[in-house]
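FYI, side chains are in, hydrogens and waters are out, and symmetry mates aren't considered; it's all heavy atoms of this structure.
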Amino acid sequence: MTDAHIYVIGILLAWMAGIRAYLTVFGVGLAGLLGWVDLPPALEPTTSWWVLGTSGALALAEFFADKIPGVDSVWDLLQTLARIPAGAFLAAAALSPDGQLGAGALAAGAGVALASHGLKAGTRALLNTSPEPASNWVASVAEDTVVVGGLALAIAHPWIALVLVLGTSLLGALVVWWIWRMFTRGARRLFTRPAA
């Protein structure tokens, strides 16, 4: 792989960690363990049975917690402490041929993970305002699918995965902005008094 491919994969791993950190770590470790991809030295610890078992169990817990309206927002708040450092580590580890984690790569990974985590948490907080739980379940399953599909696509076709990630992020940000704008307009109309 070229340096550009490795950079793209590092950014994609950080982006996916901002959505599902445990599933991303589990997927990277499993891909390395099964020989689907040659992991850089800094990512080789993800192939440990301890890391795979822990990340797999936490990914399973997140799968269920993320389907319950309200619980998912609390989970997202708590997972801010895990997703951003995980994104920073995965990006820096992917970009490190000698196992040394660079400060620039850590900062870039943390920024990308923070952006995707913020978009995910903001979208889910808005979805929790709807009275029915179906939209929450659909969003959660879509996030699971995006991470699993994104991991596979990042390994096979990183440039296509990057374009899809950028497009998805832009579309998600526009939807959140549009919903927020409609919400604030409705609230203003509700609380302003009609002129006499």
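- Connection of Trp75 to Val25 is not established within any shared hydrophobic cluster, with ILVMFWY side chains joined at heavy-atom distances below 4.5 Å, either directly or through further cluster members.
- Within the 4.5 Å cutoff, side-chain heavy atoms of Lys120 are placed close to those of Asp76.
- Hydrophobic clustering, with ILVMFWY side chains joined whenever heavy atoms are under 4.5 angstrom apart, groups Leu106 together with Tyr7.
- Side-chain contact between Thr54 and Tyr22 is absent, with no heavy-atom pair separated by less than 4.5 Å.
- In this structure, the salt bridge (Lys or Arg N to Asp or Glu O under 4.0 Å) partners of Glu62, at least two apart in sequence or on a different chain, are Arg83.
- Closest approach of Ala105 and Ala91 over heavy atoms only: O-CB, 4.1 Å.
- Using a 4.5 Å heavy-atom cutoff, the side chains of Met16 and Leu90 are not in contact.
- For the pair Ala14 and Gly87, the tightest heavy-atom approach, listed with the atom from each and the gap, is CB-O, 3.5 Å.
- For the pair Asp72 and Ile68, the minimum side-chain heavy-atom distance is 4.5 Å or more.
- Within the cation-pi definition used here (under 6.0 Å to the ring centroid, within 45° of the axis), Lys67 qualifies as a partner of Phe63.
- Thr47 places no side-chain N or O within donor-acceptor distance of the main-chain N or O of Leu33, the cut-off being under 3.5 Å.
- Counting only heavy atoms from C-beta outward, the side chains of Phe64 and Leu60 approach each other to under 4.5 Å.
- When hydrophobic clusters are built by joining Ile, Leu, Val, Met, Phe, Trp and Tyr residues whose side-chain heavy atoms come closer than 4.5 Å, directly or via intermediates, Phe26 is grouped together with Trp49.
- Under the 4.5 Å side-chain heavy-atom criterion for grouping Ile, Leu, Val, Met, Phe, Trp and Tyr, Leu153 is not connected to Val165 through any hydrophobic cluster.
- At least one side-chain heavy atom of Trp15 sits less than 4.5 Å from a side-chain heavy atom of Val146.
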What do the steps show when you test Thr46 against Leu52 for side-chain contact (heavy atoms from CB on, under 4.5 Å), and what is the final call? CA-CA 7 Å; Thr46 62; Leu52 285 171; over 6 Å; no
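- Residues Ser140 and Arg20 meet the side-chain proximity criterion, which asks for heavy atoms closer than 4.5 Å.
- The distance from atom CD1 of Ile84 to atom CD of Gln79, rounded to the nearest 0.5 Å, is 10.5 Å.
- Side chain of Ser96 to backbone of Ala92: no donor-acceptor contact under 3.5 angstrom is found.
- The cluster map of Ile, Leu, Val, Met, Phe, Trp and Tyr, joined by side-chain heavy atoms under 4.5 Å apart, puts Val8 and Val37 in the same cluster.
- Heavy atoms only, all atoms of each residue included: Ile155 and Ala31 are closest at CD1-CB, 4.0 Å.
- Closest approach of Gly10 and Ala94 over heavy atoms only: CA-CB, 3.7 Å.
- You'll find the side chain of Leu151 reaches within 4.5 Å of the side chain of Leu13, heavy atoms only.
- Rounding to the nearest 0.5 Å places CG of Leu12 at 9.5 Å from CH2 of Trp159.
- Rounding to the nearest 0.5 Å places OG1 of Thr168 at 8.5 Å from CD1 of Ile19.
- The distance from atom CG of Leu114 to atom CG of Leu119, rounded to the nearest 0.5 Å, is 11.0 Å.
- Of all non-hydrogen atoms in Asp66 and Glu143, the two that sit nearest each other are OD2-OE1, 3.2 Å.
- Here the closest non-hydrogen pair linking Pro158 and Ile9 is CB-CG1, 3.9 Å.
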